[in-house]
Number of protein chains: 2
Amino acid sequence: MKLSTRGRYGLKAMYQLALHYGEGPIALNNIAKKQGLSENYLEQLFSVLRKEGLIISVRGAQGGYMLAKDPQHITVGHILRTLEGNMAPVDCLTDENVKCDREDECATKFVYAQMIDSLNNVIDSITLQDMIDEQKKNEMIK
Amino acid sequence: MKLSTRGRYGLKAMYQLALHYGEGPIALNNIAKKQGLSENYLEQLFSVLRKEGLIISVRGAQGGYMLAKDPQHITVGHILRTLEGNMAPVDCLTDENVKCDREDECATKFVYAQMIDSLNNVIDSITLQDMIDEQKKNEMIK
DNA sequence: GTGAATGTTGACAGAAATAGTAGGGTATAT
DNA sequence: ATATACCCTACTATTTCTGTCAACATTCAC
């Protein structure tokens with residue numbers, strides 16, 4: 001039940017963009033360098049996020065990426081599902097093509113359904129703005 | 001964020017044991033055959049479950065496995081954590097050896113902590129007995 | 001006791017998913 | 001023009017997951 005690097009890197013990068021929301025585009029190599037990640041790899045993730053409409057790209061010199069909307073309107077859930085696919089612990093919950101041998105008799109499905117519901121509730125309730133606020137709060141304490 | 005076959009097979013097998021709780025040991029090949037799984041593979045999972053004290057093995061002819069306690073005292077959470085390891089979406093939540101670069105400044109950790117909490121709450125609140133009850137309820141409706 | 005059934009263990013190998021690399025192409029600010 | 005930075009696709013390496021195999025230990029039925 002681990003998140004892959006796609007979700008982890010992507011969320012962290014989106015958080016970076018959120019921190020600089022409204023300041024114009026930020027170059028990818030900037031973010032990649034700051035987080036010690038491969039620029040090419042991060043590019044692949046950003047491509048997906050862009051197609052999903054979460055970020056906007058600006059080509060050319062001085063170009064880069066920026067959030068497509070306000071940090072308080074972008075949820076962690078949207079980001080993670082875009083990069084990781086649906087968050088279902090098993091495929092039979094979401095994939096029409098997967099049929100359990102005895103579908104309506106599957107006692108475990110009942111468990112998995114509760115897991116995904118709970119998970120989605122949590123990640124859909126947290127926005128990038130929430131992350132920023134939480135961070136600020138923590139720094140106040142120090 | 002998928003559950004591996006370890007968790008899925010193991011939970012389903014434990015459910016089988018729960019259905020026959022109090023009827024003496026059940027042979028592994030019985031369960032393996034019923035679910036179309038490799039007996040050897042399931043064996044590995046049962047070995048782990050036994051060491052955790054969730055099931056008891058009876059060796060020799062007419063031997064097999066049975067639950068170590070009443071189905072209502074065995075939670076799905078205990079089973080899944082035994083087979084899958086902790087359910088943390090990232091290692092830095094649980095593994096002392098993993099240090100984020102800027103630990104107390106990591107804004108994403110805040111998100112992951114809520115995910116694992118929510119997940120653990122759900123799976124710890126469901127027992128094998130709950131699964132049996134739910135199943136019965138569904139069969140009544142049909 | 002003996003043989004058959006069953007559990008125990010660890011090593012190993014194939015398959016699949018994940019992670020990362022490489023490189024040529026395109027748009028744009030200056 | 002040219003440098004910068006996004007765009008896209010294919011390929012490779014690595015890791016993890018799944019499953020197999022084989023030798024061994026224990027217990028039961030007789």
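Lettering of chains follows the sequences in order, A, B, ..., and the numbering in each one begins at 1.
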Can you find an N or O donor on one side and an acceptor on the other, under 3.5 Å apart, linking the side chain of A:Gln44 with the base of D:dC8? no
Counting only side-chain N and O atoms of B:Tyr65, is one of them less than 4.0 Å from OP1 or OP2 of C:dT8? yes
Nearest-Å distance, CD1 (B:Ile31) to P (C:dT6)? 13 Å
Rounded to whole Å, how long is the line connecting atom CD of A:Glu43 with atom P of C:dG25? 16 Å
Measure CD/B:Glu39 against P/C:dT6 and give the value in whole Å, please. 9 Å
According to a strict under-4.0 Å criterion, is A:Tyr9 in side-chain N/O contact with OP1 or OP2 of C:dA19? no
Go nucleotide by nucleotide along DNA chain D from the 5' end; which of A:Ala61 and A:Asn40 gets its closest nucleotide reached first? A:Ala61
Report the distance from atom CG of B:Asn29 to atom C1' of C:dA5, rounded to the nearest whole Å. 10 Å
Distance in angstrom units between B:Lys2 NZ and C:dA16 P, rounded: 17 Å
The answer to which of B:Leu28 and A:Tyr41 contacts DNA chain C further toward the 5' end, by nearest nucleotide, is B:Leu28
When we call it a touch if two heavy atoms are under 4.0 Å apart, what does B:Leu37 touch: a base, just sugar-phosphate, or nothing? nothing
Would B:Ile56 and B:Ile74 show up in the same hydrophobic cluster when neighbours are defined by side-chain heavy atoms closer than 4.5 Å? no
Are A:Lys137 and A:Glu134 close enough for a salt bridge, meaning some N to O gap below 4.0 Å? yes
Taking OP1 and OP2 of C:dT9, is either one under 4.0 Å from a side-chain nitrogen or oxygen of B:Ser47? yes
Determine whether any donor atom in the side chain of A:Arg59 lies under 3.5 Å from an acceptor atom in the base of C:dT26, or the reverse, and answer yes or no. yes
Does a side-chain N or O of A:Ser57 approach OP1 or OP2 of D:dA5 to a distance below 4.0 Å, or not? no
D:dT20, OP1 or OP2 - any side-chain N/O from B:Ser38 closer than 4.0 Å? yes
CG of B:Leu42 versus P of D:dT18: gap in Å, rounded? 13 Å
Please tell me whether A:Met66 and A:Leu49 are part of a single hydrophobic cluster in this structure, the criterion being side-chain heavy atoms less than 4.5 Å apart. no
Rounding to a whole Å, what distance do you find between A:Lys51:NZ and D:dT9:P? 7 Å
Evaluate the side chain to side chain contact (heavy atoms under 4.5 Å, CB included) criterion for residues A:Gln114 and B:Ile126: first the C-alpha distance (whole Å), next the side-chain angles of each, then the deciding distance (0.1 Å), finally the verdict. CA-CA 10 Å; A:Gln114 290 186 58; B:Ile126 307 177; 3.6 Å; yes
Respond yes when some side-chain nitrogen or oxygen of A:Thr5 is under 4.0 Å from OP1 or OP2 of C:dA19, and no when none is. yes
Main-chain N/O of B:Pro71 paired to B:Gln129 side chain as donor or acceptor, under 3.5 Å: no
Find which nucleotide of DNA chain C each of A:Arg6 and A:Gln62 is nearest to by heavy atoms, and output the residue with the more 5' nucleotide. A:Arg6
From CZ of B:Arg50 over to P of D:dA25, roughly how many Å is that when rounded to an integer? 16 Å
